[in-house]
Every structure is written in C-alpha cells, then in structure tokens.
Amino acid sequence: MIKTIAGTKDTLPIEIYKWHYLENLVRSVMKEFNYKEIRTPIFEETALFSRGIGESTDIVSKEMYTFMDRSETSLTLKPEMTASVVRSVLEHSLDKQQQLNKLYYISPMFRQERPQAGRYRQFHQFGAEALGASEPSLDAEMIILAYDVLKKLGLKSLDIKINSLGIPESREYYKTLLKKYLSDKTVHLSDESKKRLDTNILRIFDSKDETDQKIMEDAPLLLEHLDNDSLEKFERVKELLLLAQVPFEVDPRLVRGLDYYTNTTFEIISNSVGSQSALCGGGRYDLLANHIGDRNIPGVGFAAGIERILLACENENCLSINDENPYVYLIRLNKELVKETYNIGLKFRRAGISVELDYLNRSVKAQMREANRLNTRKALFVGGDEYENGEVVLKDMDTGDQEIIKISQLDGIIKKIKG
Ligand code: ATP
Ligand code: MG
C-alpha cells in the first residue's frame, strides 16, 4: 500500500465543507476590502526565496524543498507567498499600471519541518499583500482583514500582538546597544542564539530556550529607540485599530530579523490550539522589492495558516454544521419509476437545487435512511396513488409537514424553494 508522505494529508469529503466555508469567507472579506486574487506557480527559482525570505531565516536555512530539475536549475517549492507576489508585481510592472496593488491569495505552501499537530510539510495559507504605499492605514487594514476573517469564523480566543521595527537606520543604533548588552552574556546563550548574534541578532528574542528568554527579559527594546516618523506611524496604526474595535496588545519583543522589514509587525495567536498557536503573522516590508528586484515598492501583508485555523475552529466548536448536504432526497416508492424519478431530480438540479436520489435499487426504507443520513431538508416521494393522480409528496424533514404537489406545478415549487 502506498500512502501519503509524512507531513502531508488528504482533505476528505467529510471535512471539505470547512475548507469551502473558509475559502468563501476569505474571498468575500477580500472583496469587501477590494483585494484582487493573484495566483503564482507552485515552484520558483530558488534564488527568489533565498534572497526574498533571507538566508538566515529558519525557512531558508532548513525548511525549503529545493531540488535540481533535469536541466540543472535549482527550483524550490514555495514556502510562503510574499516573495512570489512581489516578483510577480515587478515582472508584470503592475506597480506602473496602478500605484497601489491590493492582492490576496489562497495557496498550498511547502516546508520540510518536523510534522506535528498544526505543523505540516504541505500546508495552506491565505493572505494579502498591499504594494505601492507606506500608509499606516494599510498596516492597520492587514490586521483588521485577518481579524475579521477569524472573527467571522466564530473564533473567540484570539490575541493580537503588534510591534514596530522602525527602519534600518534607527535599528542599526539599537542593534549596537543590543550587542553591547549581550556581550558579557554570550557564553550563556544557546548555540542557535550565538549564531544569530552576527546574522540576525533581533531574532534572539524569538528563542524558545529558557536561558535565552531570561537573558532577553532585561534587554533594551527596539520600541524605545524608534525614530520619530516610525513612532508616529505606529501611533496611527494603533489609533485605527482602536477605531475598528480590534483588540491588540503591544509586544515589544515581537521581531523579524531582516533589514527589509520596516515598521509594523504583528501576529494573531489562538489560545485554543496548544503549542502551534500562531494563526497568522504579517508586517511591513518596504525594502523587499528593491532587494529582489530593481526598484522600490513599499509593501505590507500577512499570511494565515488554514490548517491551524481549522484546528482552532474544531477546538472552539465553530464550523460544526455541514452546509453542503443536498437540499432534497427523492424517494422512489415504486421500482418501475426509476426513469421518472430521475427526471424529476434532473429538473431540480438544472434549476440549481441540490438533489440526491437512489442509484442502488434500494428499498423505500433504505432510501429513507439515506435521506436521514444525508440530513436533507426535504424528502420528495415519487409513486403510489399520488403519482397515479399526477402528484408527488414533499415532506419537510424537520417538522414532518407534508405537502401534495402536482407534478405539472413542479416548476412553481422549484421557484418557491429558490425564492
Ligand atoms: P511558526 O513560528 O509556527 O513556525 P512561522 O513564523 O514559520 O510560524 P509564517 O511564516 O509567519 O509562520 O506563516 C504564517 C502562518 O502560516 C503561521 O502563523 C501558521 O499559522 C502557518 N504555518 C507556518 N508554517 C506552517 C506549517 N509547517 N504547517 C502549518 N501551518 C504553518
Ligand atoms: Mg516556522
């Protein structure tokens, strides 16, 4: 028996309605905020990601699916979308066609991590990127967008953390302060953090090591050394979030290590999913486009993990109702009426009403059981004396109420149902 690869999984019909619901919700919220979908290839040149995400990040240093194709080109399965979206905007000069491009995606991503609950090797993200303006209202919009989707799913146990990383100029000075602070503590740092001293010093704040965390408790904070413009922008983001009634807390230890990240950074955490608790992360990256391309395009975005969100939904009992069952089940009372029943079903289907009927020559009792199992709203009985009189019986499965309908008036009934 050949099975799925560790860290990947099938999404089975029994759970697909949750994906559809989430995807439809994302599309409708994105539409409300006027974001347009963008789709990019599953694989790209490796250099896009190593440059666009950063050599010193976990993703690039140890998680990418990179391989040589038959013509010896190094390719990588996309581990995230921002680099691809920025590449696409640059490549097609979308920034020259209109100054601000507001884009969204729903897509699989690939990272070779240790599989566990909420952590897969093929997983799915939805997210948005707004390219072409460094207005703080867009930073706030990213947080509001992500939060609105999660709220509309019914999730309650959410925390939003925000921080500002300022700009490289103000960060440089801060980094020297941090280095000085850590200089006599280096021996106590974990190996990982020792490496980060030179490559990615801010990310020592991210360390899961307890000693590291203790050390970082008293470290100077970037937020206390921001330039005035960055501080002002941060204030504007906070004001807009307050206005939008989106609850947040400032976490001065929330960081991203790379120079092309600027100003806002944020994370949305769920308290109902255990250790893989980050549902969503994002921030501003005004210097990224110049890093992978030939010109400056300021940008801000977020990415949210669909599997983790669905896990949170399960734990909080959201999305528990499958709304994809057929509307009506056709029950054939006489074996001779196979063709006629099928044709009535077809009329419903062609009118846009979801119908199921028997294909297995089942008894009336078994057909009733099937209607119950499918949890249809209605059952339509075809046969018996009524059929002889040119009628069928429509039963409401909740109330048990029955209605006799002339087959010649079926169109009217269909209209009424669709009403
Ligand atoms: P983590 O700290 O959990 O590894 P990350 O910082 O690598 O997260 P991002 O790159 O910011 O995550 O991706 C955004 C979101 O995508 C995460 O908040 C998470 O919900 C989801 N995600 C990331 N990696 C995985 C994975 N391997 N499996 C499932 N979901 C993931
Ligand atoms: Mg990760």
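Just so you know, these numbers use all the heavy atoms, side chains as well, and skip hydrogens, waters and symmetry mates. Start at 1 and go down the list; that is how both ligands and their atoms are numbered. Here the structure is a predicted model, which is why all the values come from computation and not from measurement. In this chain, numbering begins with 1 at the start of the sequence shown.
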Can you tell me how far apart NZ (Lys416) and CD1 (Ile405) are? Round to the nearest 0.5 Å.
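Lys416 atom NZ to Ile405 atom CD1 measures 7.0 Å (nearest 0.5 Å).
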
For the residue pair Thr66 and Thr76, confirm or rule out a side-chain donor-acceptor distance under 3.5 Å.
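Note: Thr66 and Thr76 side chains meet the donor-acceptor criterion.
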
Between Asp209 and Ser207, is there a side-chain donor-acceptor contact under 3.5 Å, judged purely by atom types and distance?
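There is no such pair between these side chains.
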
Hey, can you tell me if His124 and Trp19 have their rings parallel, tilted or perpendicular (30° and 60° cut-offs)?
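The rings of His124 and Trp19 stand perpendicular, inter-plane angle above 60°.
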
Parallel, tilted or perpendicular: which fits the ring planes of Phe302 and Phe266, with parallel below 30° and perpendicular above 60°?
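Taking Phe266 first and then Phe302, their aromatic rings sit tilted (interplane angle of 30° to 60°).
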
Neighbour list for ligand 1 [protein residues, heavy atom under 4.0 Å]
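For ligand 1, the contacting residues are Arg111, Glu113, Gly118, Arg119, Tyr120, Phe123, Gln125, Ala278, Leu279, Cys280, Ala303, Gly305, Arg308.
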
Apply ring-ring contact (aromatic ring centres under 6.0 Å, His included) to His291 and list each qualifying residue two or more places apart in sequence or on a separate chain.
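Counting only residues at least two positions away or on another chain, His291 forms a ring-ring contact (aromatic ring centres under 6.0 Å, His included) with Tyr260.
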
